[in-house]
Amino acid sequence: MVLVCEEIRLQGVPISGGIAIGVIQIFHHNEEWIVPEYEITEDEIEDEIDRYRKALSESKNDLKELQTLFHDEGGDEGATIIGAQIQMLEDPLLTGEIEDRIKSLKKNSETVFKGFITEYLQFFNEESDPEVHQRLLDVKDVAARVLKHLYPEWTEYDETKLPQSIICTYELVPSYTAEATLGEVQAFITEIGGSTSHAALIAKAKAIPYVSNIKIDVLKESGGSTVIVDGDNGNVIINPSKATTNMYRNKQRGQSVRFDVMKEEDGDVKTLDGTVIDVQANVENLADLDLLKRAKIKKIGLVRSEFLYLRKELETVSENQQYQLYKKLIQLAGNMEIVFRVFDIGSDKKLLSGSNHEPNPALGERSIRFLLKHKKFFSTQLRAILRASSYGKVHLMLPLVTDIEELIEAKAHIYKERLKLEEEGYDVQKNLSIGCMVEVPAFVIMCDHMVKECDFLSIGTNDLIQYTLAVDRSNPLTSDRYGEAHPSILRMIEHVVKVGHGANIPVSICGEIASNPLHTKKLLELGCRALSCAPRYIPAIKRAIRAISLE
Ligand code: PEP
Ligand code: MG
């Protein structure tokens with residue numbers, strides 16, 4: 001039993017950063033679809049099919065509205081997720097099959113639809129794969145929307161959203177998250193849900209703090225008392241003391257500046273004692289580019305190219321489609337230099353239909369290993385990037401490189417594709433540099449050799465931590481062991497920076513540690529002079545740098 005006067009700290013998994021202080025509201029998701037079931041006559045079939053079509057088209061309109069909202073707010077990731085839900089509604093299974101069943105079963109559309117979706121969900125139910133789980137969550141989400149249109153008496157949640165509250169629920173569905181606005185919903189707390197779930201991506205895009213892995217039963221007992229959600233560290237504090245509340249209020253004030261639209265300002269960022277730090281950006285969608293231009297960012301230190309195709313199966317994306325997209329990105333970036341990371345697929349980023357189920361995907365055929373084994377994908381992407389490169393200043397970056405042979409093989413393939421393109425008469429950017437992400441401890445240990453074949457390095461701490469500390473980066477059960485600033489990681493960073501600079505090549509950090517102002521000072525002390533951050537953290541990182549004196 002929780003005593004309300006006591007300050008209780010719960011440790012969850014941080015999903016979306018930011019601080020919220022407020023009162024929680026628990027939302028019970030009605031898992032059961034309670035709808036009327038009745039038979040229809042032959043004469044009623046056409047009307048019933050019309051009713052079903054109307055529900056589909058109303059659902060589609062809702063989602064299109066949401067998608068437009070995302071586009072307007074610059075949240076391309078959210079728009080893509082909602083776009084995939086719209087596609088589900090256009091799936092012939094949901095149109096033709098249901099209509100056929102209405103005709104043959106002579107039952108009302110709610111019953112037929114519910115029966116069909118239940119069968120579908122049961123078919124996949126045994127799957128423990130998080131990607132499949134996400135897909136099923138999307139299906140449930142879309143199905144609930146259609147059912148609400150067919151039978152408005154049924155509600156997905158019994159509760160009505162209170163203004164200004166922290167929403168706690170077992171698991172978040174994407175469209176519910178998409179409909180929330182910061183201000184109306186202060187934060188989310190859930191019992192399950194990983195940081196790459198669609199709801200998580202949407203919460204991040206909307207800058208709504210979110211912590212998962214918190215037992216809702218414990219929160220239930222907090223009975224209306226104040227709760228603090230710290231989305232940066234994954235803490236949920238029930239009934240905080242005055243001192244704790246004050247501390248978090250101060251943190252929150254800093255945060256409101258952090259989420260400000262980036263101001264127009266001079267691109268040079270210097271420490272108090274005048275050391276220039278190169279603040280670069282990690283980009284996952286085209287919408288980020290406008291913000292970066294306004295902030296006078298000079299370099300995109302990481303384009304997660306595979307994210308541009310979120311939820312698309314990559315084998316369906318042609319060279320020309322990729323070329324058009326990369327060209328658009330380069331043109332939007334204007335004078336900014338761009339580091340394109342070639343597809344980092346496999347492990348947690350499954351973007352191929354029928355991709356192999358490996359016993360241990362994080363240690364399996366992912367990233368550069370996959371591309372070298374399936375050179376068709378590699379070639380298609382390389383040709384598209386190289387063709388687009390003539391429009392700007394492009395660099396190529398290889399993920400998860402482990403040893404020198406792999407690097408040499410990848411480089412040889414790039415040169416081969418480049419030569420072919422030139423023979424075909426394409427204009428390819430001269431002096432295009434090729435660098436590596438430092439994500440594997442073996443690379444760090446052999447760094448003095450690896451740099452001989454690299455034009456630049458970028459330390460991907462997200463994976464480097466996973467492989468050094470032997471902790472799955474997406475497993476909430478071990479998240480307390482995922483130490484961003486573990487001494488071994490700091491030593492590795494220091495070593496790589498020293499070796500890279502010694503070899504006269506640029507070294508940056510593009511893992512999440514670079515976006516955390518709490519670590520900025522340490523990183524600069526270790527010798528880092530280039531940090532590549534998610535756009536929304538750039539103002540905070542710049543502020544942190546300007547407050548640091550290296551002397
Ligand atoms: C990293 O591993 O640090 C990184 C930047 O790449 P990603 O998070 O996309 O794996
Ligand atoms: Mg990585």
Side-chain angles (χ1 to χ4, degrees), residues 14-17 77 130-131 194-197 200-201 204 279-285 288 299-311 314 338-351 361-371 381 395-402 406 410 435-444 456-475 479 482-486 488-490 492-493 496-497 500 506-516 519 523 528 530-538 541:
I15 302 279
S16 170
E77 227 168 27
E131 182 78 5
S195 64
T196 50
S197 70
L201 295 177
K204 283 188 219 174
V279 178
Q280 309 170 4
N282 293 350
V283 162
E284 291 166 12
N285 60 62
D288 290 338
K299 184 165 177 176
I300 298 173
L302 168 67
V303 174
R304 286 185 162 101
S305 63
E306 67 286 345
F307 267 73
L308 302 173
Y309 294 99
L310 190 79
R311 297 197 61 73
L314 277 181
I338 307 178
V339 179
F340 273 95
R341 173 173 79 185
V342 293
F343 289 143
D344 185 11
I345 38 184
S347 189
D348 58 329
K349 299 164 186 148
K350 294 195 191 84
L351 285 150
L363 301 180
E365 198 180 70
R366 60 168 293 206
S367 305
I368 196 68
R369 300 173 187 177
F370 177 87
L371 294 175
Q381 186 183 30
H395 309 274
L396 274 177
M397 183 152 75
L398 309 171
L400 208 84
V401 174
T402 308
E406 199 172 43
C436 282
M437 292 195 73
V438 183
E439 301 182 285
V440 182
F443 191 114
V444 179
F456 64 90
L457 298 177
S458 188
I459 309 175
T461 46
N462 306 343
D463 275 313
L464 188 60
I465 296 167
Q466 143 159 291
Y467 295 122
T468 305
L469 303 184
V471 177
D472 179 349
R473 62 189 271 192
S474 50
N475 182 350
S479 59
Y482 187 86
E484 207 171 45
H486 191 280
S488 60
I489 302 301
L490 299 181
M492 287 191 176
I493 292 174
V496 173
V497 170
V507 183
S508 65
I509 302 190
C510 63
E512 293 301 308
I513 196 171
S515 296
N516 187 342
H519 299 311
L523 295 179
C528 303
L531 302 173
S532 194
C533 324
R536 70 191 179 107
Y537 294 112
I538 288 178
I541 296 299

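Start at 1 and go down the list; that is how both ligands and their atoms are numbered.
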>> Against ligand 1, does Gln466 come closer than 4.0 Å with any heavy atom?
In response: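 Under 4.0 Å: no for Gln466.
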>> Measuring from non-hydrogen atoms of Arg473 to any atom of ligand 1, is the shortest distance under 4.0 Å?
In response: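 Checking ligand 1 against Arg473, which is what was asked, there is a heavy-atom contact under 4.0 Å.
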> Minimum heavy-atom separation for Ala514 to Ile541, with atom names?
Replying inline: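 It is O-CD1, 3.3 Å.
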Show which atoms of ligand 1 fall inside a sub-4.0 Å distance from at least one heavy-atom site of [X].
X	value
Arg304	4 (C), 5 (C), 6 (O), 7 (P), 8 (O), 9 (O)
Met437	4 (C), 5 (C), 6 (O)
Asp344	10 (O)
Asp463	1 (C), 2 (O), 3 (O), 10 (O)

>> the Mg ion (ligand 2) and Asp344: any N/O/S contact shorter than 2.8 Å?
In response: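 No N, O or S atom of Asp344 is closer than 2.8 Å to the Mg ion (ligand 2), so no.
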>> Check this for me - ligand 1, Asn462, N or O atoms closer than 3.5 angstrom, yes or no?
In response: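 Between Asn462 and ligand 1, an N or O pair is found under 3.5 Å apart.
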>> What is the name of the N/O/S atom of Glu439 that is nearest to the Mg ion (ligand 2)?
In response: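 Nearest N/O/S atom of Glu439: OE2.
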> For Asp463, what is the atom name of its N, O or S atom nearest to the Mg ion (ligand 2)?
Replying inline: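 Nearest N/O/S atom: OD2.
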>> What's the separation between atom CG in Leu400 and atom OG1 in Thr402, rounded to the nearest 0.5 Å?
In response: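 Spacing of CG (Leu400) from OG1 (Thr402) equals 5.0 Å.
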>> So, taking the atom named CZ in Phe443 and the one named CG in Leu464, what distance separates them when rounded to the nearest 0.5 Å?
In response: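 Those atoms lie 10.5 Å apart.
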> Under 4.0 Å between a Lys/Arg side-chain N and an Asp/Glu carboxylate O for Asp344 and Arg366?
Replying inline: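 Counted as a salt bridge, because a side-chain N and a carboxylate O are separated by less than 4.0 Å.
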>> List the residues meeting ring-ring contact (aromatic ring centres under 6.0 Å, His included) with His395, not counting sequence neighbours, and say none if there are none.
In response: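 Checked His395 against ring-ring contact (aromatic ring centres under 6.0 Å, His included); matches are Phe456.
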> With backbone taken as N, CA, C and O and side chain as the heavy atoms from C-beta onward, which portion of Glu439 lies under 4.0 Å from ligand 1: side chain, backbone, both, or neither?
Replying inline: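 Under 4.0 Å from ligand 1, Glu439 contributes side-chain atoms alone.
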>> Consider side chain to side chain contact (heavy atoms under 4.5 Å, CB included). Of Ile459, Ile368, Val401, Leu396, which one does Cys436 pass it with?
In response: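 So, applying the side chain to side chain contact (heavy atoms under 4.5 Å, CB included) to Cys436 and each of Ile459, Ile368, Val401, Leu396, only Val401 qualifies.
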> What residues form a side-chain hydrogen bond (donor to acceptor under 3.5 Å, both in side chains) with Gln381, not counting sequence neighbours?
Replying inline: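 Only Ser305, Tyr326 meet the side-chain hydrogen bond (donor to acceptor under 3.5 Å, both in side chains) criterion with Gln381.
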